Amino acid sequence: MIPERKSLIIDERQAAAMIRDGMTIAIGGFINSSHPMAIVRQIIRRGVKDLTVVGPASGGLDLDLLIGAGCVKKLVTAYMGGEHYCPIAPLFRVAAERGEIDVWECDEGMFYCALRAAAQGLPFTPWKAGIGTSFPQVNPDLKVFTDPINGEPLLAVPAIKPEIALIYAAHADPYGNVQHIGTGFGDRAMWRAAGKTIVQVEKIIPNEEVRKNPLATSIYGADAIVRAPYGSHPFAAPGYYIEDEEHIREYVAAANAYAKKGDRRPFEAYLHKYIMEPETHADYLEVIGIKRLISLHEY
Amino acid sequence: MIPERKSLIIDERQAAAMIRDGMTIAIGGFINSSHPMAIVRQIIRRGVKDLTVVGPASGGLDLDLLIGAGCVKKLVTAYMGGEHYCPIAPLFRVAAERGEIDVWECDEGMFYCALRAAAQGLPFTPWKAGIGTSFPQVNPDLKVFTDPINGEPLLAVPAIKPEIALIYAAHADPYGNVQHIGTGFGDRAMWRAAGKTIVQVEKIIPNEEVRKNPLATSIYGADAIVRAPYGSHPFAAPGYYIEDEEHIREYVAAANAYAKKGDRRPFEAYLHKYIMEPETHADYLEVIGIKRLISLHEY
Amino acid sequence: MTKEYATDFTTKELIASFIAHQVRDGERVAVGAGLHVPRAGILLAHLLYCPNVRLYVVMTFTNLIKEPKMEPFYTVTDFRPAKWAEAYVFHDDFQENPRLVSDMFVVGALQIDKYGNSNLIGVGKDYKRLDFRGPGAVGTLSMAHYVDRYYLYVQSHDRRIFVEQCDFISTIGWGEGGADGRRKLGIPGNGPIYCITPLCIMDFEPTSKRMRLKSVHPGVTVDQVVENTGFELIVPESVPETEPPTIHEIRTLRERIDVEGMLRR
Amino acid sequence: MTKEYATDFTTKELIASFIAHQVRDGERVAVGAGLHVPRAGILLAHLLYCPNVRLYVVMTFTNLIKEPKMEPFYTVTDFRPAKWAEAYVFHDDFQENPRLVSDMFVVGALQIDKYGNSNLIGVGKDYKRLDFRGPGAVGTLSMAHYVDRYYLYVQSHDRRIFVEQCDFISTIGWGEGGADGRRKLGIPGNGPIYCITPLCIMDFEPTSKRMRLKSVHPGVTVDQVVENTGFELIVPESVPETEPPTIHEIRTLRERIDVEGMLRR
């Protein structure tokens, strides 16, 4: 009798149920691409609070949505915006200005220093860029110290260890071998640093397919896999779909109504229609409609 | 008129001519695989002296040969041997015992710390493993210091910056895009740290071939490319040939004659036959013979 | 070959041409998605003068000299330009050696002081209660630290941007000034070379490293620049007009790079 | 199912079976090339008890439960077993997080002291003039530091290896002893669990963390072990024989793992 490998596939509700109030979680992707939105929306649905969110090195509107929905206490990222859709994320901006969230101010270099320290089990890793800037002042976690080799002033960037990383990728087999299409941005760095990693994928592929291109395996050993087609919507998914410009503009308009005019109703309506009302990711896709979804395939 | 890209292809003599007495150079691969031997042999032919050789994290008999030929002043690696061919590299052993070479004692973790610090332009990177061991005692470059975050004792591993890295890979296009077959071991880390990188390849491929699998491009931007078929012989080349067991045993016997019995003649004969007498890499291959070479294709 | 200058061009095209002359062949050059004008300038350099530049585009490396036309891309995550890739770059790899990503860099800002220090963090005296929260530093701090040189680029020129003192500094220019302003802080590289605005090009006076007017764009007066700059700008006795683009550059921009006409709007 | 013990086995097969029982399902486990017996033990665990182990083999990750037979490999650079790869591991990636490579590790040594500290650097009092230069630490120091637990494994048992004090320590065991011997040094993980030799299995007495005889292999006497150990070994009143392999284990070893019979020589 040949023993069998255990499938690691769970659904987005089981994944989101692992995220508890006050946790430190990482969310993968980059600005307008590759976010595990099926899980993110389920986290909002569950009303999780006080999260420390380690965004990608440069964060996008997925994090803005989490802030607007009241899930976030502290944010670790070097940028918050939607590029040409909105240069600065609207709800991030007002929440930061009002002190409703803490921002762990950093640049992308420091961001990876913090993740690497966590991955390496070190209290910190050093960085040179930042000496002479305001970073050590606005982020007191960054300590200026004298390097023991040449006596130079350096920045000690302390470890930030996500308890769970939530990653989006194109494919995985049932056993946790994950393959991105494209570069995968900084997702590997999050996986290396995190205690556990849950990867939401467009498609489950057989282990035999994984073995055809082992170099493409970006994360060898996710702890759980969530299958969610169109799961990065409204953001892009390399090799699958481009971002849903219309939906993103709808979000930005709703968020701006609050950020710029103090009218929270359009954002609440957005939350209700796209997140609270649909019970599952599949229900969400029904709200978006297959017509819109397949229109995004055009490359 | 469309401007043209410049080819970066040079030959092994031009490559070796860039290596001067006293330089710090890195040599890629791992123990019994993937060494840029056409360039290494040409360095020996030219009689280069006093090199600081940053071997792979775990070094093989290519470095032993360089030591035996009198090219090496200092060696940076965490292992020196040939696995089942010889657990400890013979000429390395005697040279180290007699103080004829300096050994920068480290383990593989510290080795990559030193390369990473160089790549990041930092004076050092920290490491935890090593506290309580003899490493800071036998390698005074390693400094124990108090981490500025938690006050833990840590090891500061100083940067080691190779002026030139010599790497072996399967393929490159003429413009410096390099693709390994297999993992490429720690070759990327050497490239990131080095001032310049010369890559010796089995085969030049068209740029169009590179573009078919951009994920396979391991080194994007070598400074020069050397074409040398069978260029890792007698060591293995993933996807091309296995190591030449008979030749390696011949080398080990010659080296052991000196290391164990003080008889240097077999090693000198080896040097003469395989390195000093053949003028080029192609001449070397003639000495080995095509019959032997194609027998190594068997997988 | 004498240069045949164009006479019909926009300020954006002028700036693109200026930026094109900053690129050196064989360098690695990061091409941003958001800043259309610098992007066009770098691509112009590549197509006309620097065939061996390694372009870092949407987290890939490529070379585009054989491409008849550049399709536009507006986000750094747009996967479509990755079809040109010669190599993929994992984003965290940039931190392993920023120089492998780019030899030069373009830095935007909310505020810039007279020594070229700049701010993307936010505007206000109290960090905990900012008047205006900025987008964050992205990778500008680390890139500007490690690259050979960088260029400040802003899309408007007024006293809100050019200030006596930045509320926060996210990227070091010449620190507190002086030719050793960077060396004193242990910062490598040649720092900011030019500051490029819709009105003018500014450089840094070599001794004090204070910002100095280098050229004004056609139709712009020196007074206009001085008036819209919130710190004391060094103004040489004679300030030339910014060198116009050539006819060939304009043709290349319009036919191969900026086919959608973003630089003409 | 009661265990049916084999009666005909070699010491190497016995040790492989012992090691097989150290592996836990779902773990990452590095499989070395050079040490045949631990390699066979880990593969035995995988095929019989731990189908979800992630095997780190020649710098790839794989799972081999569907493989009828393991072809032998003798070097860590042999590319042939990479045909089984589910993922490639760049060697420098191990330093980014050693735990992603392995949860357990096997460490060899030139010298081992009573607290399980070990030496691969060399033998001699003067580092600059060693009597015997060792091969170097390879990755043992870092792996043993980061993994959940490790196992000391040597291929001979004599007073040159088991010494009162190592000339040099390349891998920390229990430091200067005591249950907090590692914690005092800030070292994570559970340290060395067993020391495995051709004569016996030794563990560490929980309070002092001094090495203690746990079991002797068939045909070996306690006196023989004590005589060949250069430090004072803790010897319990009764020392059992090492648990023999089962018939099923021996069959699996011989038919699927050690087809070339290296463990029978």
Side-chain angles (χ1 to χ4, degrees), chain A residues 108-110 112-114 116-131 136 139-161 169-171 178-185 188-189 192 212-218 220 238-239, chain B residues 108-110 112-114 116-131 136 139-161 169-171 178-185 188-189 192 212-218 220 238-239:
Chain A
E108 291 178 343
M110 297 171 193
Y112 288 118
C113 284
R116 170 164 291 134
Q120 294 183 321
L122 295 173
F124 81 101
T125 56
W127 199 235
K128 180 80 193 172
I131 295 294
N139 182 348
D141 284 353
L142 305 168
K143 305 270 186 238
V144 178
F145 75 107
T146 303
D147 105 67
I149 305 293
N150 300 337
E152 292 177 33
L154 289 180
L155 224 48
V157 183
I160 296 180
K161 187 166 187 67
H171 307 140
V178 177
Q179 299 193 329
H180 283 74
I181 293 179
T183 68
F185 311 109
R188 287 166 188 79
R192 286 192 203 106
K212 286 178 189 171
N213 189 8
L215 181 62
T217 304
S218 45
Y220 36 92
Chain B
E108 292 178 342
M110 297 171 192
Y112 289 118
C113 284
R116 171 165 290 135
Q120 294 184 320
L122 295 173
F124 81 101
T125 56
W127 200 236
K128 181 79 193 172
I131 295 293
N139 182 347
D141 284 354
L142 306 168
K143 305 270 186 238
V144 178
F145 75 108
T146 303
D147 107 66
I149 305 293
N150 300 338
E152 292 178 34
L154 288 179
L155 224 48
V157 184
I160 295 181
K161 188 167 186 66
H171 307 140
V178 177
Q179 299 192 329
H180 283 75
I181 293 179
T183 68
F185 311 109
R188 287 167 188 79
R192 287 192 202 106
K212 286 178 189 171
N213 189 8
L215 181 62
T217 304
S218 44
Y220 38 92

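Throughout, protein chains are lettered first and strands after them, A, B, ... in sequence-line order, and every chain is numbered starting at 1. Predicted, not measured: the structure shown is a model, and the values here were computed from it.
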Examine whether an atom of [X] lies under 4.5 Å from a heavy atom of chain A, and if so say whether it belongs to the side chain, the backbone or both; otherwise answer neither.
X: B/Phe124; result: both
X: B/Ala216; result: both
X: B/Leu215; result: both

Please check: side-chain N/O of [X] versus main-chain N/O of [Y], any donor-acceptor pairing under 3.5 Å?
X: A/Ser218; Y: A/Val178; value: yes
X: B/Thr125; Y: B/Cys113; value: yes
X: B/Asp147; Y: B/Glu152; value: yes

What option among B/Pro126, B/Gly109, B/Ala156 has the most heavy-atom pairs under 4.5 Å with chain A?
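Most heavy-atom pairs within the cutoff with chain A belong to B/Pro126.
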Residue selection (most heavy-atom pairs with chain B, distance under 4.5 Å) from A/Thr183, A/Asn213, A/Asn150, A/Leu154
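Most heavy-atom pairs within the cutoff with chain B belong to A/Leu154.
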Who are the side chain to side chain donor-acceptor pair (under 3.5 Å) partners of A/Asn139, not counting sequence neighbours?
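So A/Asn139 forms no side chain to side chain donor-acceptor pair (under 3.5 Å) with any residue.
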Pairwise distance CD(B/Gln179) to OH(B/Tyr220) - rounded to 0.5 angstrom
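Going from CD on B/Gln179 over to OH on B/Tyr220, the span is 13.5 Å.
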